[in-house]
Amino acid sequence: TVEEPAGPAGPAAEERPIGFGRMKRKEDPRFVRGKGRYVDDVKLPGMLHGAVLRSPFAHARIVSIDTSAAEAHPKVKAVITGETLAGLGLAWMPTLSMDTQAVLATDKVRFQGQEVAFVVAEDHYAARDAIELIDVDYEPLDPVVDARRALDPAAPVIRDDLEGRTDNHIFDWEAGDRAATEEVFSRADVVVEQTMLYPRVHPAPLETCGAVASMDPVDGKLTLWTTTQAPHAHRTLYAMVAGLPEHKIRVISPDIGGGFGNKVGIYPGYVCAVVGSIVTGKPVKWVEDRSENLMSTSFARDYHMNGQIAATRDGRILGVRVKVLADHGAFNSTAQPTKYPAGFFHIFTGSYDIEAAHCEVTGVYTNKAPGGVAYACSFRVTEAVYLIERMVDCLAAELGADPADLRMRNLLQPEQFPYQNKTGWEYDSGDYPACLRKAMDLAGYEELRREQAEKRERGELMGIGLSFFTETVGAGPRKHMDILGLGMADGCELRVHPTGKAVVRLSVQTQGQGHETTFAQIVAEELGIPPEDIDVVHGDTDQTPFGLGTYGSRSTPVSGAAAALVARKVRDKARIIAGAMLEVSPDDLEWTKGRWSVKGDPAMTRTIQEIALAAHGALELPEGVEGHLEATTVYNPPNLTYPFGAYICVVDVDPGTGAVKVRRFIAVDDCGTRINPMIIEGQVHGGLADGVGMALMEFIGFDEDGNCLSGSFMDYLLPTALEVPAWELGHTVTPSPHHPIGAKGIGESATVGSPPAVVNAVLDAIGVRHADMPLTPGRVWQAMRHGQVEA
Ligand code: PCD
């Protein structure tokens, strides 16, 4: 492993790491030259263009649809409605949560922006013009907009398509020990209760969702270029749903301009593109615009939470209990492993050594877009971290304790790992106090508190907010986790060519994380082949082994392990071949990076490149050893990995306007063994910006009729370089004991950990116990006047 040099540029070319270390991304020459190849760049001969007609109403009965004018448009090739699809058995599709979702509405529309019809035309503009020519007669119905009213007996039933449905209830779920929790609450000196909303937000990737479907009428093979984070899972689902033979489907996920959970699910537009291609016999492209993306594809969060925390007077946390009302929108298409309808929310006990915990989650339908995706979040861990980190601050306020002291007092201790938490998770490793101490030192915590006290005297509002988070990433062990029955193990293949260059084939798919670099580094670390000599192939089901895809920061924990193990298999085979080359027993050889040498005689040595050539050459191989140098593996993780971190945010609030300035942000992350520190820093920077965005400006709002108020970037505000400070990063390294290279995920840590730090800082500045995100100037101003604001 190369020492991490200072400065962002990393080592000069001649010092580039053969393995882990700071190294510029192999994919960037393509991206910075504008040579990436995205779905919308795919242009096929004779390709047609599709557009979706969407519902203007949140809830309405469809009386009739007249497509005749659209069909008469000279450039239109097909108009597809729910009725067309019903004829093919495709009007409804299964969701990731075993619910059903309308591909194109047949009976009712259930959210504003829902897909009603699909037009295929010669060009994109004609398709867009023609959807305007479709005449739909709607009979508006009362919508259910507020999840807290969804279970009112008088509330209209949204999913009357489901047999026997009389209400909007989806599921009840609980975790932890209710009785033990009641017991600790009954003997607590202090109980603090707080209601809070984690508002509906959107992943808002730079590239929206889209697909190009090409059904070859001759060989019956469907090729689908699509913005997917999970190409193999998508292929299998298309096979199951559409009844197409799986080997006749090829899903290609080319360069993807950001996923963030938005590209995990299958959207009606993809299915329509496929049907459009089957109907017209031509390739069909569908790419949604920004408003369609914000209004109809997967939202995230929307958890109404009521938390209670119990403690002793001297600040020992005893227990936590939570009730959640989860707004899942019109179709339950939340992404999470089957067993967990509330995702990994039940890790809400966070990083603290507590005696008992219990949570109850109720999911409901509302007339809003479906989704509930894990936006930069391993299945609801974001909501969990927000809940506990806000509750700890509420407790600190109640006790008059310093939030850092209170956390330090209750953090799990290094000797408690592996730690079995009270709701069923086994945390693999950690040194939490060291991490928090490091963040406090980087921040100059004590000095900041002094500065704050002085400023308070002058009427200046400065706030310091902390959060300490534990994530659970790398889903997951097959025996506990599947999505729609597909187990969450990942395949990997490695082939070393005769000249010692290699190709590694992954089941996961990068959306900007830098897999072409880091997976080459993993193989390089294990085999000593330089990363630039290792090609990473991914995102094409015809070219790669099966696996469940990239989300929940699972690529490094699962596929990263597979890549290391497949390289070790190759290394073991290389040993036998090296033995034959050197005419010694393989047992007499020892490995140093890149070569097998005779123990005690380092001159007797063969490099991995020499061995690769011999493996393909004329050398007589030992009995039982096949030629060539390659291997495959499937990795089923024994546990998830538990990255963690300590974040400190410093804000200044304008007492006149409520405007928040994030002045400093200190983030100390621990993701175990670090493959590429430069990429890790990029991941953390991105996630911190996400967190500041959610805390201060992002949310998908609705009016009382269910009109979406956040359908463009004029209303859905994303943070820019102007709203975020220069991040101050640090790290600790606590390897995962069960991962072959000790690595944990990092991709989502900062998005998960940062919102509570920002919110805690703002509330600390204005001396208010709670106000719901996003803390826009208006809300902060209101909170300063009224003491609390709930959304
Ligand atoms: N790493 C390193 N080391 C360690 C770890 C890690 O180096 N220890 C690195 C790797 O290799 C990569 C990255 O880092 O490259 C990341 O990783 P991870 O953690 O494993 O993760 P992944 O799986 O790969 O990815 C995923 C994530 C997610 S999930 C999200 S949201 C986001 C993140 O990722 N997204 C994105 N980040 C990012 N970035 C970008 N650029 N883009 C995008 O889209 Mo979800 O669930 O989907 O919601």
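No experiment lies behind these values; they were computed from the predicted model shown. Numbering of ligands and ligand atoms starts at 1, following listing order. All heavy atoms count here, side chains included; hydrogens, waters and symmetry mates do not.
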Side chain to side chain contact (heavy atoms under 4.5 Å, CB included) evaluation trace for L224 with Y238: CA-CA 10 Å; L224 188 66; Y238 287 117; 3.4 Å; yes

Residues in side-chain contact (heavy atoms from CB on, under 4.5 Å) contact with P735, at least two apart in sequence or another chain: T673, V733

Qualifying residues under side-chain contact (heavy atoms from CB on, under 4.5 Å), relative to V503, sequence neighbours excluded: R495, H497, R505, D535, V537

Salt bridge E207-K263, side-chain N to carboxylate O under 4.0 Å: yes

Go ahead and list the nitrogen or oxygen contacts between ligand 1 and the protein that come in under 3.5 Å, distances to 0.1 Å, or just say none.
unit_1	atom_1	unit_2	atom_2	d
ligand 1	3 (N)	I675	N	3.2
ligand 1	7 (O)	N676	N	3.0
ligand 1	8 (N)	C671	O	3.3
ligand 1	8 (N)	T673	O	2.7
ligand 1	8 (N)	K744	O	3.2
ligand 1	11 (O)	T518	OG1	2.8
ligand 1	15 (O)	Q513	O	2.8
ligand 1	15 (O)	T518	OG1	3.2
ligand 1	17 (O)	T556	OG1	3.3
ligand 1	19 (O)	I746	N	2.6
ligand 1	19 (O)	G747	N	2.7
ligand 1	20 (O)	T556	N	2.9
ligand 1	20 (O)	T556	OG1	2.6
ligand 1	23 (O)	R554	N	3.4
ligand 1	23 (O)	S555	N	2.9
ligand 1	23 (O)	S555	OG	2.7
ligand 1	24 (O)	H515	NE2	2.6
ligand 1	24 (O)	S555	OG	3.4
ligand 1	25 (O)	Q513	NE2	3.1
ligand 1	34 (O)	Q513	NE2	3.0
ligand 1	37 (N)	Q683	OE1	2.7
ligand 1	39 (N)	Q683	NE2	3.2
ligand 1	41 (N)	G512	O	3.1
ligand 1	42 (N)	Q511	O	3.4
ligand 1	44 (O)	G259	N	2.6
ligand 1	44 (O)	F260	N	3.3
ligand 1	46 (O)	A374	O	3.1
ligand 1	46 (O)	G552	N	2.6
ligand 1	46 (O)	E748	OE2	2.8
ligand 1	47 (O)	Q229	NE2	2.7
ligand 1	47 (O)	G261	N	2.8
ligand 1	48 (O)	F260	O	3.2
ligand 1	48 (O)	G261	N	3.2
ligand 1	48 (O)	A374	O	2.0
ligand 1	48 (O)	A376	N	2.6

F665 ring center near Y647 ring center (under 6.0 Å): yes

Sequence-distant partners of H232, ring-ring contact (aromatic ring centres under 6.0 Å, His included), two or more places apart: F546

